[in-house]
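See structure below.
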Number of protein chains: 2
Amino acid sequence: MSPDTAPRPRMTRQRREILDALDTRDFRSAQSWHERLRSDGSTVGLATVYRALQALVDSGDVDSVVSESGETLYRRCEAGEEHHHHLRCRVCGKAVEIDVPEFEEFARHIGDAHGYGDIRHTIELTGVCPECAAAGRG
Amino acid sequence: MSPDTAPRPRMTRQRREILDALDTRDFRSAQSWHERLRSDGSTVGLATVYRALQALVDSGDVDSVVSESGETLYRRCEAGEEHHHHLRCRVCGKAVEIDVPEFEEFARHIGDAHGYGDIRHTIELTGVCPECAAAGRG
DNA sequence: CCCACTATTGATAATGATTGTCGAAATCAG
DNA sequence: CTGATTTCGACAATCATTATCAATAGTGGG
């Protein structure tokens, strides 16, 4: 058990492509990002996209949420982003960032009241955005 | 396209067994409920458990949440239950019901502000319960 | 600049949860 | 009781994700 063989990440072509492709606005599945990359001419493999996204989530550069159907959706975080939540359209996926400062402390409070520690919270707000509603898809 | 051939659910042995087995306290996966049923002597099939749980979610008798790993977890609702949320232990799964009345209206408010309609929200609070923390599993 | 050492890639197989299929069995109405 | 239909259950199929593994390509040292 040597302390740590610090694994240094290599900057590869595909890693760069994925970072570039990632949008800070829309939540998309790994498969969806992969399709987009391929249609933009990249030859990156699906497994690589999954691996890169996981690494990015771990390093805090990417945000992920689990959709109702169980798919994991990814989106790039803004640099120096604070913890926040989203209001996502169930039809087209467009997401708006929202701030729920009250809830941050509320979560802590609830946890304390029940003796639960290391509280994490997920707030998922979904709805139908104006465009989709207008298009009768709502 | 006849208006509606109102499908009436039949009360079968397996449906009864599943309803009986369902606990109102713990969230468990369909597979987990199935295992429990089998170990209690039932011969119910896995697909049947999935079907029954879905039907029960649709009819509002069962509550479901999606875990971080993407599994769907089920729990029976108390009769005449209001909409509410849970604080669930990440280690042992024990869940406590919590009430967030402020949030109910907050969600509506946020939706209106962005023009989103048919707002649904999910609040998932997870932590480590006192027992698990004491056992050093937190 | 070139090389060896490894991390990384990508095609594909494997996994795990969930859903579809279909003949057989069971429920409910009359 | 009897027949029309639903529901069952075993198993195949699907879908997202992860593991495998030989081939490839960054990187640091010379």
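Letters go in sequence order (proteins before strands), and every chain restarts at 1. Computed from a predicted structure; not experimentally measured.
When the P atom of D:dT7 is taken as reference, atom CG of B:Leu53 falls 15 Å away, rounded to whole Å. Computed from coordinates, the A:Arg28 CZ to D:dA16 P distance equals 15 Å when rounded to whole Å. Residue B:Ile18 contributes atom CD1, which lies 11 Å from atom C1' of D:dT7 at whole-angstrom precision. A:His34 places its NE2 atom 17 Å from the P atom of D:dC15, with the value rounded to the nearest Å.
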Practice problem: In sequence, state the C-alpha distance, the side-chain angles, and the governing distance for B:Arg76 and B:Asp61, and then conclude on side chain to side chain contact (heavy atoms under 4.5 Å, CB included). | Solution: CA-CA 6 Å; B:Arg76 190 169 62 174; B:Asp61 296 315; 5.5 Å; no
Exercise. Might you work through the side chain to side chain contact (heavy atoms under 4.5 Å, CB included) test for A:Tyr74 and A:Phe27, ending with a clear yes or no?
Key: CA-CA 5 Å; A:Tyr74 304 87; A:Phe27 276 102; 5.7 Å; no
Exercise. Output, in order, the C-alpha distance, side-chain angles, deciding distance and verdict of side chain to side chain contact (heavy atoms under 4.5 Å, CB included) for B:Ile119 and A:Leu87.
Key: CA-CA 9 Å; B:Ile119 301 294; A:Leu87 168 56; 4.0 Å; yes
Kindly give the atom pairs (protein nitrogen or oxygen, nucleotide nitrogen or oxygen) under 3.5 Å for nucleotides 26-30 of chain C.
| unit_1 | atom_1 | unit_2 | atom_2 | d |
| --- | --- | --- | --- | --- |
| C:dT27 | O2 | B:Arg10 | NH1 | 3.0 |
| C:dT27 | O2 | B:Arg10 | NH2 | 3.3 |
| C:dC28 | OP1 | B:Met11 | N | 3.3 |

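For the 3.5 Å distance criterion, the side chains of B:Asp40 and B:Ser42 fail to qualify, holding no donor opposite an acceptor.
For the helix from C:dC1-D:dG30 to C:dG30-D:dC1, the end axes, each set by the C1' atoms of five terminal pairs, are bent relative to each other by 30° (nearest 10°).
Partners of B:Glu17 by salt bridge (Lys or Arg N to Asp or Glu O under 4.0 Å), not counting sequence neighbours, listed by chain and number: B:Arg13. Listed by chain and number, the residues in a side-chain hydrogen bond (donor to acceptor under 3.5 Å, both in side chains) with A:Thr43 amount to none (sequence neighbours excluded).
Although no hydrogens or angles enter the test, the distance criterion places a donor-acceptor pair under 3.5 Å between the side chain of B:Arg15 and the main chain of B:Arg10. Distance alone, capped at 3.5 Å, is enough to place a donor-acceptor pair between the B:Arg38 side chain and the B:Val44 backbone.
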Only pairs under 3.5 Å count here: list side-chain donor-acceptor contacts from residues 45-58 of chain A, not counting sequence neighbours, and write none if there are none.
| unit_1 | atom_1 | unit_2 | atom_2 | d |
| --- | --- | --- | --- | --- |
| A:Thr48 | OG1 | A:Arg51 | NH2 | 3.4 |
| A:Tyr50 | OH | A:Gln31 | NE2 | 3.3 |

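Ring geometry for A:Phe106 versus A:His109: interplanar angle of 30 to 60°, hence tilted.
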Practice problem: Sugar-phosphate atoms are those with a prime plus P, OP1 and OP2; base atoms are the rest. Using that split, label each nucleotide of nucleotides 15-23 of chain C B, S or - for protein heavy atoms under 4.0 Å, 5' to 3'. | Solution: --SBBBB--
